[in-house]
Structures are given as C-alpha cells and as structure tokens.
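To keep things clear, I will list the structure first and then write my remarks on it.
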Amino acid sequence: MSKKLKIGLFGFGVVGQGLHDIIRGQDLNLEIIKIAIKNPDKKRTLDAHLFTTDHNQLLNNSEINTIVELIDDAEVAYNIVKRALISGKNVVSANKKMIASHLAELVELQEKHDASLLYEGAVCGSIPIIRNLEEYYDNELLHGISGIFNGSSNYILSKIFNENMEYSVALKQAQDLGFAETDPIMDVGGYDPKFKLAIATAHAYGLFINPDKILNVGIQNLSENDIRYAREKNFKIKLVPTARKISTKQVVTYVLPKFVKSDDFLFNVENEYNGVTVQAAFADKQFFFGKGAGGHPTGAAVLSDIAALRYGYRYEYKKYHQHNGLVHTDNVSIEVYLRYTHEYTVEKLQIENIVERFSRDDYKYVIGNVSLKSLMANRDLLEQKDVFIAHTGKYTYTEQQIKAVADEASLVS
C-alpha cells in the first residue's frame, strides 16, 4: 500500500524548484507541509506561509514524516539529516559531499532508528546508478565502475574539443549558464566527482571510503599543448572517476583526466551530460547516459526516491554487510601523460618505464608508469600550474594481482 508522505523540504533553489515543478499537478499521494529557506526576503511564487527560516518547524513537526534535503552547505545538511534520522523520519538528500563524508555513520543511524535515507540525486543527476548498483548488481562480480560524473567540467572540455574554445572562455560560459560556481574548483578540481565516486563505491563494492583517501586531480591546469597532443592522437580529454578491482580483495579509486579513444562510450558524452560505465563479470560492460545537472533532471531523481519511500524502500547495503574482505588500496601502477617544467617533478613522482619523452623550451612531457601511492603523496605538486597529468588508460599489475584477477576470471568462465 502507498503511504502518504508529509514532506518538509530544505532548500528551494534550482533543484528544489525543479522538484516542485515536477510534483505540481500530479496525484502522487504526497504533500509539502513546509519549506525551509535561507533568505526570507527573496520573492517566491508560492504562498509565503509555506516558507520558514526556522529548521525546527520542520524537524520537530510530528506531522512531517519525510525530510527532503536540497541545500548546498554540507555541514548544515549533515545536522539536518542526522536529526531527522534520529527522530525516525525518512530522508531524501542530494548533497554528495555530506553523504560521502558521513556515510558509515548515516547507515548506522538508519538501522538504529528504523529510518531510510535515499540519495539517487546526489550521484550523476538523472542517471539511476545507485539503485542499479544496489539492486541489479547485488550479486555481480564488478571489475570496475567509471565515467563522467560532473557536468560542469565535461561542458568545459566539450567546448574546448568540439568548438576550439579556450579554457577560460569555456569556464566563463559554464559559469554564465549556471553549470559552474563563481569558484569552480569543486568541479574542475575533481572534488565533486570524488564525492560521487565514494558513494558509488559503497554500493558497488561495500566499501565506505573516506573521500580524503581518494586521489582527485582536475583539469584546471590544462594547457594548449595538452589539448594539441590529445588531438594529434585522436583522443579527447575527459575527467574520469574510477573504482576498479585489481585483485580478488583489492579496489583502487581515483579521479583523473583521461585520454579517451573514439571507441570508448565516454568519447561522445558531451556538455552537461554524464555517463557511467559498469564492467561486470557476468553482465559484461554496460553504459548509463543522461543529464547530470539541472533542476528538472536532478529533481526527477529526487522524486524517484520520494516515490520509493511511499512503499517503504530502503538501501540494504548488502555488499557492506556481507563483509566480503575487500580493501581499499593505492598499490597499483598506472600509465600517465605528465606535462611539466622542472625535471625534479619527474623524479619526485618516480615516473618509471618511460616510453615517450618530448622536450623543448616551452613544453615538456613524458609518458610512463607511476604508482597511485606516489600520486597521493605528491598531491600538492600535481596542483602546481605548470603540471598536468592524464591517465592513458593502461595499468601495471603486480604478479600477485595478475594471478588473482585470472583466478576470478576462471570463476566466470
């Protein structure tokens, strides 16, 4: 039986208004009781009595059984969600930073207080990747999950490679359209996709990973030389978060720019669209595509979660509760393109097995292997303006990892 939801909505920005647009005029057996906002002076199209700046009017209201949290501030969002769960209210959230940073605690609170927290809208907008990882792939051996998780950086890269636009011009256009913030580092620096990757990894592998343990390198240092190199090789550059199983018990995670070939699903994912590739042992490779940003696409994902709550749906976190022995590691070597100015950069990162090297006064690069551990230890170096790094897509496994992957493959065949 469908349960009537009495909703307390936090935030009435782009996503909040998009959600309201979708709900309006539909018979969905739900009602928005109160909306908490930050700015009481801003003109609203709805009845003024619906709005409040007092969070307690929602959290302490016994009539409200569902909290929908759609605000930007991760710390405030955490306090709202925590209080709501403790009081037994179900919650829908789209705050990827808050969820990624507190997921283990929030899962414990759900179980302790018999509440449900859903957050499909926090990862890749309209793409239903969390529900698929949770349900469809619940018994799958997943080799990896990767994709384009951030519409802002992808919009910029699309304009650069498809319209020959300069990085600064593409960034300004993304900001003007509302795809990127005034301070865009969360998007172009790879932080936003890192938070989304941490959440996806929890459902793919049952690992709750502190986002600080995930390497994120962005596109803010991209130069004309890097773009020219990619074009000469018929590549595009995409910002790609990756979680990958490198042995039966080890998973690596990182966010890096990547040279993408024309036969890759991600090659044709453009502008604000997102794409997720799931590589599974039995289902093989599958691809999800859709809008990753915007009020209506994200609002649709939020509404999907709200609708699911009417029937008592909750994430079961099956892989987490199975205690499958998987561990997060940075013990893997990947092949990278590294553009640099000073030779000590190559030495400090310990680039090995260099297969290509170029040097002139204004442009130097090498292509070789580097350990993820070394990249993690030198994150400050990678943020310097004269350094740009991109994954070529190749890995170098230890003999033990090669044997473990082969053993797992034999189970499938």
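On a predicted model such as this, the values are computed, not experimentally measured, just so you know.
Defined by atom type and a distance below 3.5 Å, a donor-acceptor pair is present between the side-chain atoms of E111 and H321. Counted by atom type alone, K238 and N154 present one or more donor-acceptor pairs between their side chains at under 3.5 Å. Donor-acceptor pairing under 3.5 Å is lacking for the side chains of N90 and R310. Counting only N and O atoms by type, the side chains of Y78 and E105 include a donor and acceptor under 3.5 Å apart. A donor and an acceptor atom, one from each side chain of Y313 and E135, are located under 3.5 Å apart.
Under the side-chain contact (heavy atoms from CB on, under 4.5 Å) criterion, Y167 pairs with I156, I160, L171, V188, I219, Q220, not counting sequence neighbours. Partners of E140 by side-chain contact (heavy atoms from CB on, under 4.5 Å), not counting sequence neighbours, listed by chain and number: Y137, L142, A280, A281, F282, A283. When the side-chain contact (heavy atoms from CB on, under 4.5 Å) test is applied to R44, the partners found at least two apart in sequence or on another chain are F12, I37, N39, K42, F51.
Ring to ring, H203 and Y119 are close: their centroids are under 6.0 angstrom apart.
Rounded to the nearest 0.5 angstrom, D330 CG and I214 CD1 are separated by 12.0 Å.
Of the possible donor and acceptor atoms, one in the side chain of S374 sits under 3.5 Å from a partner among the backbone N and O of L349. Side chain of K6 to main chain of E63: no donor-acceptor pair is present (N/O by atom type, distance under 3.5 Å, no hydrogens or angles). No donor-acceptor pair under 3.5 Å is formed between the side chain of K236 and the backbone N or O of F259.
Electrostatic pairing of D264 and K261 does not count as a salt bridge here, judged by no charged N lying under 4.0 Å from a carboxylate O. Looking at R314 and D305, no side-chain N of the basic residue comes within less than 4.0 Å of a carboxylate O on the acidic one, giving no salt bridge.
Taking the six-membered ring for Trp and thresholds of 30 and 60 degrees, Y337 and F388 have ring planes more than 60 degrees apart, a perpendicular arrangement.
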